[in-house]
There are 2 protein chains.
Amino acid sequence: MSKFDSTLDLCFSALGDPTRRMILERLARSEATAGELAEPHSMALPSFMEHLKKLEAAGLITSEKKGRTRVCQLAPDAFSPAKNWLTEQSVIWEERLDQFDDYITNLMKEKNK
Amino acid sequence: MSKFDSTLDLCFSALGDPTRRMILERLARSEATAGELAEPHSMALPSFMEHLKKLEAAGLITSEKKGRTRVCQLAPDAFSPAKNWLTEQSVIWEERLDQFDDYITNLMKEKNK
DNA sequence: GCAATACTTAGGGATTTTCCTAAATAATTT
DNA sequence: AAATTATTTAGGAAAATCCCTAAGTATTGC
């Protein structure tokens with residue numbers, strides 16, 4: 001992805017990978033070091049660390065170096081941007097109340113024929 | 001992505017692109033043809049149609065050929081899988097009640113030092 | 001100090017993604 | 001029937017993604 005991605009781009013893209021969702025599911029339970037997080041994934045460490053980087057770039061996790069370990073946590077309100085966007089769209093969709101807008105739209109289309 | 005992606009993989013990945021989110025935002029308001037949807041995007045039609053394909057593969061929209069047009073709609077419950085996953089994680093996170101789990105985890109780690 | 005541990009950096013390869021142009025097809029409209 | 005409209009198919013280039021190995025660097029335990 002390009003250098004000019006919005007939070008939502010980064011956030012949703014990060015969530016689109018199963019390895020990264022597993023990491024988040026793990027971190028929802030408690031903080032953990034990079035090594036602990038990597039364990040269940042049969043993947044070379046450098047590859048795995050890239051996933052952590054993407055999660056952090058998306059604002060989904062934070063991490064801090066403690067001694068030789070890197071401790072990761074779920075970011076506070078990590079999921080808010082994504083949830084808010086989804087909720088907004090759902091609300092707009094539901095406000096259409098039985099496709100009333102479509103009814104009007106179609107009516108007007110018929111008129112212009 | 002591979003041929004064996006889960007709904008969540010496809011769904012979140014589809015949402016990770018601004019063009020595709022714009023399409024969904026448009027469709028939350030009313031159904032539209034491929035051409036109508038493409039208009040605001042300065043992009044060759046074949047490129048644009050690929051975005052529609054991804055949204056449909058992710059179960060976010062449905063489409064139907066009507067005459068020479070392809071009419072697209074938001075899929076019913078399009079956002080449920082994504083919203084559900086996000087909500088589940090938020091719940092688990094919030095259940096930790098002021099980092100109580102972390103407190104225990106850290107206590108045990110200290111013990112094992 | 002020396003070895004072990006926990007990453008981190010560097011570089012590279014296969015696949016996927018995101019865009020393009022050109023040409024084909026299918027359904028109106030004239 | 002011929003032209004126009006609305007895609008659709010085919011093929012391809014550039015960049016991003018996701019994985020790897022090999023070789024650092026920094027911290028900790030002996």
Side-chain angles (χ1 to χ4, degrees), chain A residues 1-6 8-24 27 31-58 60-73 109-110 112-113, chain B residues 1-6 8-24 31-58 60-73 109-113:
Chain A
M1 227 177 285
S2 99
K3 256 174 219 163
F4 309 104
D5 289 318
S6 75
L8 283 176
D9 290 353
L10 294 171
C11 189
F12 280 127
S13 298
L15 291 167
D17 182 274
T19 299
R20 290 193 291 262
R21 281 199 311 281
M22 272 185 69
I23 295 170
L24 294 171
L27 288 177
E31 61 170 42
T33 65
E36 287 166 352
L37 290 170
E39 221 191 61
H41 303 273
S42 33
M43 192 183 290
L45 229 270
S47 311
F48 183 79
M49 299 304 281
E50 282 302 308
H51 288 297
L52 292 183
K53 261 188 207 159
K54 287 213 169 141
L55 288 169
E56 193 155 15
L60 292 166
I61 71 169
T62 59
S63 78
E64 197 195 343
K65 200 89 209 228
K66 277 191 185 163
R68 64 190 162 184
T69 70
R70 177 167 293 278
V71 180
C72 303
Q73 289 196 246
K109 269 190 191 162
E110 294 302 323
N112 296 337
K113 271 184 186 167
Chain B
M1 226 177 286
S2 98
K3 257 173 222 165
F4 310 103
D5 289 319
S6 75
L8 284 176
D9 291 353
L10 293 171
C11 190
F12 280 127
S13 298
L15 291 167
D17 181 274
T19 300
R20 288 192 292 261
R21 282 199 311 283
M22 272 185 68
I23 295 169
L24 295 171
E31 61 170 43
T33 66
E36 286 165 355
L37 291 169
E39 220 190 64
H41 304 273
S42 34
M43 188 180 294
L45 229 271
S47 311
F48 183 79
M49 298 303 281
E50 283 302 308
H51 287 297
L52 291 183
K53 262 188 206 160
K54 288 214 167 140
L55 289 170
E56 193 155 14
L60 292 166
I61 70 168
T62 59
S63 78
E64 197 196 343
K65 201 89 209 228
K66 276 190 185 164
R68 65 191 164 187
T69 69
R70 176 167 294 278
V71 179
C72 304
Q73 289 196 245
K109 269 189 193 163
E110 294 302 323
K111 258 196 176 170
N112 296 337
K113 269 183 186 166

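Quantities reported herein were computed from a predicted structural model and do not represent experimental measurements. Naming: A, B, ... by sequence-line order, numbering from 1 per chain.
The listed nucleotides are D/dT8, C/dT8, D/dC19; the one nearest the side chain of B/Leu45 is D/dT8. Looking at the side chain of B/Lys54, the nearest of the listed nucleotides C/dT17, D/dC18, C/dT8 is C/dT17.
Applying the 4.0 Å criterion to OP1 and OP2 of C/dT18, one finds that B/Ser47 has every side-chain N and O outside that range. Between B/His51 and C/dT17 there is no side-chain polar atom (N or O) within less than 4.0 angstrom of OP1 or OP2.
Within the 4.5 Å cutoff, the side chain of B/Lys66 has heavy atoms near those of the B/Thr69 side chain. Side-chain contact between A/Leu27 and A/Leu60 is absent, with no heavy-atom pair separated by less than 4.5 Å.
The CG atom of B/Leu10 sits 9 Å away from the P atom of C/dT17 (whole-angstrom rounding). Following rounding to the nearest Å, B/Met49 (CE) and D/dA10 (C1') show an atom-to-atom distance of 15 Å. Atoms CD (B/Glu64) and C1' (D/dT7) sit 15 Å apart, rounded to a whole Å. Summarising the geometry, the separation between CD on A/Glu50 and P on D/dT21 is reported as 15 Å, rounded to the nearest angstrom. Following rounding to the nearest Å, B/Leu52 (CG) and C/dT18 (P) show an atom-to-atom distance of 13 Å.
The distance from atom OG1 of B/Thr33 to atom CD of B/Glu39, rounded to the nearest 0.5 Å, is 9.0 Å.
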What side-chain donor-acceptor pairs closer than 3.5 Å can you find for residues 43-53 of chain A, not counting sequence neighbours?
| residue | atom | partner | partner atom | Å |
| --- | --- | --- | --- | --- |
| A/Glu50 | OE2 | A/Lys53 | NZ | 3.3 |
| A/His51 | ND1 | A/Arg20 | NH1 | 3.1 |

Report each atom pair, protein N/O against N/O of nucleotides 1-6 of chain D, whose distance is under 3.5 angstrom.
| residue | atom | partner | partner atom | Å |
| --- | --- | --- | --- | --- |
| D/dT5 | O2 | B/Arg68 | NH1 | 3.1 |
| D/dA6 | O3' | B/Arg68 | O | 3.2 |

